[in-house]
Asker: 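Here it is, the structure, as structure tokens.
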Amino acid sequence: MKNKKKYIQDNPWHSALKQLENVAKIIKLSESELEYLRHPRRELTVSVPVKMDDGNLRVFTGYRVQHNDIRGPYKGGIRFHPEVTIDEVRALAMWMTWKSAVVNIPYGGAKGGVVCDPDKLTIRELERITRRFTNEISIIIGPSKDVPAPDVNTNAQIMGWIMDTYSMNHEFAIPGVVTGKPISLGGSLGRREATGRGVTFTCMNILKKLNKDIKGLNVVIQGFGNVGSVAAQLLYDLGAKIIAVSDVKGGIYNSNGLNIPKLLEYASKNRYVEDFPQSEKISNKQLLTLKCDILIPAALENQITTENADKIKAKIIVEGANGPTTPEADEILNSKNIIVMPDILANAGGVVVSYFEWVQGNQEYFWTEEEVNTKLKQIMDSAFEYVCHKKDKHKVDFRRAAYIVAVSRVAEAMKHRGIYP
Ligand code: NAD
């Protein structure tokens, strides 16, 4: 019985539904509205047959889940990971709906994933998986239907292959089918850094609210990929002390602060952060419970659970990853007065600049990096302010406040569209 309870708590789809139900009561969503929003609109499971470099054939499983497009085209990343499940993709798709709504951009929510381990694939195998997966999901994606983007283990090159495959099937170039593309294919300046930059803006916004200076604050970051490494660099530049970071192989710690520019160089040569000079080894488990001012989980879901929430010593948690905290752990953190800046707000910088990329591509008029970053800051700041307003009004935590903003916007749009037919 205990295991069943744990299984449910560790299932991201359970977390996503519970978070929706928590806010439904506060905003008095009707049972019909809740029933509608609980269900993803479409789920596609595909087989991805690929000829491996050794001549053998392997069939990978891929998913694209479209949760909701009431406010605009579906939007959401594609993840390559050995532990991708349909429930994980469902949860990530629903979170994308709320994320687009909380920052008020005209998108819905979707997510995709392929069950594979990129560490064990050659670059050519990765390309063939990407192209065949794109082909299989091309019946439901498109620039005004559903626009994928990078996520865990996918990057600008993979988006380039998606754009090429989709375009070849339509016989003309269709850059708008994905965002997070290489700049040479119509990608936006600032997109690669956008999520980490948005996480940094969120840190600065909450510190400003608390009247605290970033300089000298101790920061711990789990995950040193796209989101974690950019946040580390930007916070370091602002004067924070990054005392620990980690990746899938484990973590490194230095109580005086890590030299982040040197670490970035080291990690790009060695792939992982392990054995970085002037640091001690620590496990991911230890890293999460270090005493610090700001903890940024920027790896995967379910990192802060009922098993470690009462041991967390951070004062503020800024969720760079999607779904790093389970709803049960959230209650424990709340009872300890730890401030949690929720994923749907804190890591929305990526989808905001994806939206900018789509707008620039549609207009065929491209902005400078400074313009992109300024507009991103405006959107992140005003979303933060509006969430704060709802937080004070309803006397709730930041996650519930962000959900109040997001779910109310989607519910209002739903009322205006009505139910077809
Ligand atoms: P990435 O693949 O670039 O990096 C992931 C990092 O996490 C790597 O350093 C990896 O080694 C590490 N990692 C993986 N498993 C781990 C584990 N069990 N423990 C510790 N570290 C582990 O991915 P990313 O794009 O940086 O995404 C990270 C998180 O941010 C994900 O939850 C993703 O959904 C979320 N996110 C990403 C974007 C984006 O624009 N890329 C936008 C919003 C949210």
Side-chain angles (χ1 to χ4, degrees), residues 12 15 75-84 88-89 91-93 95-96 98-100 102-103 109-113 116-119 126 148-159 178-181 187-188 190-199 202 220-233 244-252 263-264 267-268 270-274 282-288 295-305 308 318-325 342-357 376 380:
S15 299
K75 187 87 190 81
I78 290 178
R79 171 175 296 196
F80 285 178
H81 196 276
E83 279 152 35
V84 165
E88 179 190 46
V89 180
L92 289 161
W95 288 329
M96 282 307 300
W98 311 139
K99 198 180 297 182
S100 302
V102 82
V103 286
K111 202 81 181 190
C116 67
D117 187 348
D119 275 354
L126 200 58
D151 191 69
V152 173
N153 289 328
T154 56
N155 56 21
Q157 175 58 77
I158 290 177
M159 298 307 113
V178 275
T179 57
K181 296 179 291 290
S188 176
R191 172 61 186 90
R192 190 187 68 78
E193 300 84 0
T195 309
R197 191 176 297 278
V199 166
T202 305
V220 168
I221 304 181
Q222 185 198 38
F224 204 64
N226 174 285
V227 180
S229 69
V230 172
Q233 175 71 68
V245 305
S246 67
D247 58 32
V248 67
K249 287 211 170 182
I252 53 170
L263 178 59
L264 283 167
S268 80
N270 299 282
R271 270 189 92 186
Y272 303 104
V273 298
E274 66 179 355
I282 50 164
S283 67
N284 263 297
K285 212 169 154 188
Q286 291 169 315
L287 173 131
L288 291 170
L295 169 65
I296 304 179
L300 295 173
E301 305 91 64
N302 284 342
Q303 298 304 303
I304 304 174
T305 67
N308 61 359
V318 179
E319 295 183 334
N322 287 307
T325 313
D343 47 7
I344 60 167
L345 175 66
N347 71 34
V351 75
V352 170
V353 178
S354 273
Y355 165 61
F356 293 165
E357 179 173 330
L376 170 63
M380 294 300 292

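All values below were derived from every heavy atom in this structure, side-chain atoms included, with hydrogens, water molecules and symmetry-related copies excluded. Note that ligands are numbered from 1 as they come in the structure, with each ligand's atoms numbered from 1 the same way. The chain is numbered in sequence order, starting from 1.
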Asker: Under 3.5 Å between some N or O of ligand 1 and some N or O of K99?
Answerer: no
Asker: Note the single closest protein heavy atom to atom 31 (C) of ligand 1, along with its residue, its atom name and the distance in Å.
Answerer: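 Ranked first by proximity to atom 31 (C) of ligand 1 is A299 O, 3.1 Å.
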Asker: Looking only at protein heavy atoms, which one is nearest to atom 33 (C) of ligand 1, and how far off is it?
Answerer: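 Of every protein heavy atom, D151 OD1, 3.2 Å lies nearest to atom 33 (C) of ligand 1.
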Asker: Answer with yes or no whether the side chains of N347 and N322 bring together a donor and an acceptor at under 3.5 Å.
Answerer: yes
Asker: What protein heavy atom sits nearest atom 5 (C) of ligand 1, and how far away is it?
Answerer: G225 CA, 4.2 Å
Asker: Atom 12 (C) of ligand 1: which protein heavy atom is closest, and how many Å away?
Answerer: V248 N, 3.8 Å
Asker: Counting C-beta onward and ignoring hydrogens, is there a side-chain heavy-atom pair between L126 and F80 closer than 4.5 Å?
Answerer: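 The answer is yes, as the side chains (C-beta and beyond) meet within the 4.5 Å cut-off.
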Asker: Atoms of ligand 1 less than 4.0 Å from R191 heavy atoms?
Answerer: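 Heavy-atom distances to R191 below 4.0 Å select 40 (O).
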Asker: Closer than 4.0 Å to some heavy atom of R79 - which atoms of ligand 1 meet that?
Answerer: 31 (C), 32 (O), 33 (C), 34 (O)
Asker: Counting from 1, what ligand 1 atoms have a heavy atom of T195 closer than 4.0 Å?
Answerer: 38 (C), 39 (C), 40 (O), 42 (C), 43 (C)
Asker: Looking only at distances, can you tell me whether any N or O atom of V227, backbone or side chain, sits closer than 3.5 Å to an N or O atom of ligand 1?
Answerer: yes
Asker: Any nitrogen or oxygen of G350, side chain or backbone, less than 3.5 Å from one on ligand 1?
Answerer: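 Among all N and O atoms of G350, none is under 3.5 Å from an N or O of ligand 1.
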Asker: Could you find the nearest protein heavy atom to atom 27 (O) of ligand 1 and give me its residue, atom name and distance?
Answerer: V152 CG2, 3.7 Å
Asker: For a quick test of reading the model, state the closest non-hydrogen atom pair linking V103 to A348 and the distance between them.
Answerer: CG1-CB, 3.6 Å
Asker: Tell me, which protein residue and heavy-atom name are nearest atom 30 (O) of ligand 1, and how many Å apart are they?
Answerer: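 Here the closest protein heavy atom is G320 O, 3.4 Å.
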Asker: Using distance alone, decide if ligand 1 has a nitrogen or oxygen within less than 3.5 Å of any nitrogen or oxygen in N322.
Answerer: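 Right, the criterion is met.
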Asker: Within a distance under 4.0 Å of any heavy atom of N153, pick out the atoms of ligand 1 and give their elements.
Answerer: 2 (O)
Asker: For the pair K249 and E274, find out whether any cationic side-chain nitrogen is under 4.0 Å from an anionic carboxylate oxygen.
Answerer: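 Yes, this pair counts.
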Asker: Give the atom numbers and elements of ligand 1 that come within less than 4.0 Å of a heavy atom of N284.
Answerer: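 Heavy-atom distances to N284 below 4.0 Å select 19 (N), 20 (C).
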Asker: Give yes if a backbone or side-chain nitrogen or oxygen of F224 is under 3.5 Å from a nitrogen or oxygen of ligand 1, and no if not.
Answerer: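 Such a contact does occur with ligand 1.
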Asker: Please determine whether a side-chain nitrogen of the Lys or Arg among R79 and E301 lies less than 4.0 Å from a carboxylate oxygen of the Asp or Glu.
Answerer: yes
Asker: Which atom names give the shortest non-hydrogen contact between A321 and D343, and what distance separates them?
Answerer: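 Residues A321 and D343, closest heavy atoms: O-CB, 3.3 Å.
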Asker: So which heavy atom on L376 is nearest to which on A194, and how close?
Answerer: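 Closest approach of L376 to A194, heavy atoms only: CD2-O, 3.9 Å.
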Asker: I'd like to check which ligand 1 atoms, numbered from 1 as shown, lie under 4.0 Å from a non-hydrogen atom of D247.
Answerer: 9 (O), 11 (O), 20 (C), 21 (N), 22 (C)
Asker: Any idea which atoms of ligand 1 are less than 4.0 Å away from a heavy-atom of A321?
Answerer: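 What qualifies from ligand 1 is 29 (C), 30 (O), 32 (O), 35 (C).
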Asker: Considering non-hydrogen atoms of the protein only, which is the closest contact for atom 15 (N) of ligand 1, and what is the distance?
Answerer: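 Going by distance alone, atom 15 (N) of ligand 1 is nearest to L300 CD1, 3.5 Å.
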Asker: Please check this pair: side chain of D247 against backbone of F224, looking for a donor-acceptor N/O pair closer than 3.5 Å.
Answerer: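 Such a contact is absent between D247 side chain and F224 backbone.
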Asker: At their closest point, which heavy atom of T154 faces which heavy atom of I78, and how far apart are they?
Answerer: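 Of all heavy-atom pairs spanning T154 and I78, the closest is OG1-O, 2.7 Å.
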Asker: Restricting to non-hydrogen atoms, name the atom on N153 and the atom on H81 that form the minimum distance, rounded to 0.1 Å.
Answerer: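 Taking N153 first and H81 second, the nearest heavy atoms are ND2-CD2, 4.0 Å.
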Asker: Tell me whether S283 contacts the main-chain N or O of Q286 through its side chain, where contact means a donor paired with an acceptor under 3.5 Å.
Answerer: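 Side chain of S283 to backbone of Q286: a pair is present.
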Asker: Is there any N or O on N226 that sits under 3.5 Å from an N or O of ligand 1?
Answerer: yes
Asker: Tell me which part of A149 gets within contact of ligand 1: side chain, backbone, both or neither, using heavy atoms under 4.0 Å.
Answerer: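 It is neither part, as no heavy atom is under 4.0 Å.
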Asker: If we ignore hydrogens and angles and just use 3.5 Å, is the side chain of E357 paired with the main-chain N or O of K181 as donor and acceptor?
Answerer: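 Between the backbone of K181 and the side chain of E357 there is a qualifying donor-acceptor contact (under 3.5 Å).
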Asker: Check the pair T179, S188 against side chain to side chain contact (heavy atoms under 4.5 Å, CB included), reporting the backbone distance first and the verdict last.
Answerer: CA-CA 8 Å; T179 57; S188 176; over 6 Å; no
